[in-house]
Structures are given as C-alpha cells and as structure tokens.
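Notes follow once the structure below has been shown.
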Amino acid sequence: MKNKQIYFRLVTLILLVLISIGLFMTYQTYGNWQFALTLRGKKLLAFVIVGLLTSFSTISFQTITQSHFLTPSILGFDSLYVLVQTTLFFYFGQTPTHPMMMFGLNVGLMVIFSVILFGFLLRKESQDLFLLLMIGMVIGTFFRSVSTFLQVLMDPNEYDKLQGKLFASFSNVDVSLLYMVIPIVIGIILLFWIVSPTLDVFHLGTCQAINLGINVQRFRWFILFLISLSVALSTALIGPITFLGFIVANITYQILPVYKHRYLFVSSALLSILMLVLGQFLVEHIFHMNTTLSVVIEFSGGVYFIWKLLSERGKTLQ
C-alpha cells in the first residue's frame, strides 16, 4: 500500500474520532458545559487510556504469536481479575478499601502472575510460547472455577454487589486513578513505539528474526511483560473487555494491510477510541442505559469472531 493511501486512511480515522468525540461531549448538554466536562470528560479520558493500552498490547501479542485469533486475555487476566474481586468480597465483604490499594493489588497480582508464568515457561525451546498459551487457557479455566465456587458460597446480597464490579464500567472510574496511570501509560506506549521496528521483523517469522540477529527469547519476554502490564492496568481500571482488542486489531489489518507496526498501532488506537466513544453514545442516547458498553462490545466481538473463524475456514477449504 502506498504512503498516500495510508495517510489518507489515517487522516480519515482521525476526523471520525474527532467528530465522534465532539458529538459525545456536546449532545444534549443544554448549555451545561461543566456537567459535560466533568462526567463525560472523565469517560473520554478512560476511553483514550483503555483504547491505547488494548490496541497496542493486542497488535503486539498477535505479532509474536503469529495468530490474528489470539488476544492477551487468553493468558487468564480476565479470570484472574474476577478471582481477585471475588476473593476480596468473600473474605472482606463491603469493608471500606482505599481505591488506590485495590487498584495496586489488582495490577500487582496480574503482573506477578504473568512474570512467574513467563519466567517458568519462556526458555530456549521453540515450543515454549505455545505451551504458555495452553497453560494460560488452563489457568484461566481454573481461576473461573474457583471464582464460581466462592460465589456459590457467598451471601446473596454480597454476590449482587459483586456483580457490579465484574463487568467493565466507564461510569464509575476513579478520576484520581486515571491521572495516576497517565505517566505509566505514556511510558508503555513509548516503549512499544521504540521496539516497533523489531516487531516488524517478527512478521517474517521467528527463524528470520533469529537470522537477523534478534535475541528472540529476551525480546519475547520484554514484549510479554509490556503486554501484561498494559492488560493489567486496563482491566484494573474499568474491568475486563475480552473482545475489544480482537475487533480493533483485525479491522486494522483490513484497513491497513501493511507490516509496519507504527501505522498499525496508530490505526488500531484510533479505531479503539472510536468504537468506545460511539458505543457509549449509543448506550446512553439510543438504548437509554438499558445495557452497558461492555455487553455491546462482547456481543459484537463474539459475532465478529465467529464470522471471521468461518470465513478463514472457507478460505482454507478453497
């Protein structure tokens, strides 16, 4: 694809994002701009942070795994988040806990879990990455089983309150947490941007990357750590959104069929923000808050996943 076509499509995405943000921030404010900047501005900041973390981490994860069907959630992060929340509610109930402490606990446990898993599995054998994915799926199932067991034993009132924390929500995000993670998010994005040329080489395959002098083992470990931190921050902030990264990454590959990750990163981030902003606009003004943004994304992502799976199977049979 020529550079002019790439720039045209990126500029188009930027304009769509700006239009959607303007519509989201100004629709039915009735001149009460303070209300819009306070409530909708908080959501918009969360959209940008989650969109950046989700898009960058998913694109990178799919590159090192050489599969467009995998997402970081396959490593069990969503299940671990549910387990942590369930365990805290089971043992402490509604005991007041500082939001910063809860956020740090969620992020810390997810990152520690991933570091232990990567350190144990990512050795010099060529099949370790696939073993990592398989064990991640098994551990995710185990976490869900333990969470379900604790929820069955839980008081019905506590269980009802717990359900509100197990689904992604942009309405109840703590603004102080958003401001706190901004420097961390900027650092993560810069690191992804710096190593993007190396990710470009991984499109050629692992053997080619080794032949070109890349320390594949160390680079994988570093990228998986960045992905783990990104997913942990995003999940701890607003809750698990399994299919968001899958949707924006695969649409990005169709819009920009290129190998350069810097273009892919920018395009997927814009798509992610656009989807979140328009999705929240539909939830608030079309569905009148009868559903949540996470439900809309999960349903759309599930349908899109099945469609893509069937379409790829059709191509294989041909």
Side-chain angles (χ1 to χ4, degrees), residues 13 17 21 42-65 70-81 84 102-115 118 167-170 172-196 199 222-252 261-277 279-280 293-294 297-298 301:
L13 282 175
V17 170
I21 290 175
K42 176 185 69 173
K43 294 179 184 179
L44 181 60
L45 181 59
F47 293 153
V48 173
I49 291 175
V50 172
L52 288 171
L53 293 175
T54 302
S55 56
F56 276 60
S57 60
T58 304
I59 292 288
S60 302
F61 188 78
Q62 291 184 347
T63 296
I64 63 172
T65 57
L70 298 179
T71 62
S73 62
I74 199 173
L75 295 179
F77 288 107
D78 295 351
S79 304
L80 179 61
Y81 173 81
V84 170
M102 285 292 298
F103 178 78
L105 182 62
N106 279 310
V107 174
L109 287 174
M110 292 182 196
V111 173
I112 290 172
F113 159 74
S114 62
V115 168
F118 298 157
F167 295 94
S169 173
F170 290 90
N172 301 319
V173 180
D174 193 323
V175 178
S176 61
L177 294 178
L178 291 177
Y179 293 148
M180 183 192 71
V181 303
I182 287 177
I184 304 175
V185 173
I186 293 175
I188 293 173
I189 298 306
L190 286 176
L191 289 174
F192 273 123
W193 193 264
I194 291 171
V195 301
S196 58
L199 286 171
F222 175 71
I223 287 295
L224 286 172
F225 174 77
L226 284 182
I227 292 171
S228 303
L229 185 57
S230 301
V231 176
L233 287 172
S234 175
T235 305
L237 276 174
I238 53 96
I241 302 183
T242 305
F243 282 107
L244 177 62
F246 173 80
I247 297 173
V248 297
N250 282 277
I251 293 178
T252 297
H261 278 72
R262 291 183 177 178
Y263 293 139
L264 297 175
F265 283 154
V266 174
S267 177
S268 61
L270 291 171
L271 278 171
S272 185
I273 296 171
L274 179 65
M275 179 175 294
L276 290 172
V277 172
Q280 186 65 29
L293 178 58
S294 61
I297 292 176
E298 298 302 286

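- Summarising the geometry of H261 relative to L199, their closest heavy-atom pair is CE1-O, 3.3 Å, with the distance given to 0.1 Å.
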Next on the checklist: Between V107 and V181, is the side-chain contact (heavy atoms from CB on, under 4.5 Å) condition met? List the steps.
Outcome noted: CA-CA 11 Å; V107 174; V181 303; over 6 Å; no
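- Summarising the geometry, atom CG belonging to L274 is positioned 9.5 Å from atom CD1 belonging to I251; distances are rounded to the nearest 0.5 Å.
- To the nearest 0.5 Å, atoms CG (L109) and CD1 (I112) are separated by 6.0 Å.
- Side-chain atoms of S272 never come within 3.5 Å of backbone atoms of S268 as a donor-acceptor pair (strictly under, hydrogens ignored).
- Considering CZ of F246 and CD1 of I297, their distance stands at 14.0 Å, rounded to 0.5 Å.
- Between atom OG1 of residue T252 and atom CG of residue L271 there is a gap of 4.5 Å, rounded to the nearest 0.5 Å.
- Closest non-hydrogen pair, V111 versus A232, comes out as CG2-CB, 4.1 Å.
- S57 and F192 get closest at one heavy-atom pair: CA-CZ, 4.2 Å.
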List the atom pairs, donor and acceptor, that lie under 3.5 Å between side-chain atoms in residues 45-56 and the rest of the protein, sequence neighbours left out.
residue: T54; atom: OG1; partner: V50; partner atom: O; Å: 2.7
residue: S55; atom: OG; partner: G51; partner atom: O; Å: 2.7
residue: S55; atom: OG; partner: L52; partner atom: O; Å: 3.2

Checklist entry - Yes or no on side-chain contact (heavy atoms from CB on, under 4.5 Å) for I182 and L178, after CA distance, side-chain angles and deciding distance? => result CA-CA 6 Å; I182 287 177; L178 291 177; 5.7 Å; no
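- To the nearest 0.5 Å, atom CG of residue L276 and atom CD1 of residue I241 are 6.0 Å apart.
- Here the shortest heavy-atom pairing between T235 and P240 reads CG2-N, 3.9 Å.
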Checklist entry - Would V17 and V277 count as a side-chain contact (heavy atoms from CB on, under 4.5 Å) if you check the C-alpha gap in whole Å, the side-chain angles of each, and the deciding distance to 0.1 Å? => result CA-CA 8 Å; V17 170; V277 172; over 6 Å; no
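- Considering CE of M110 and CG of L229, their distance stands at 11.5 Å, rounded to 0.5 Å.
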Checklist entry - How far apart are the C-alpha atoms of V248 and T58, what are their side-chain angles, what is the distance that settles it, and do they pass the side-chain contact (heavy atoms from CB on, under 4.5 Å) test? => result CA-CA 9 Å; V248 297; T58 304; 5.8 Å; no
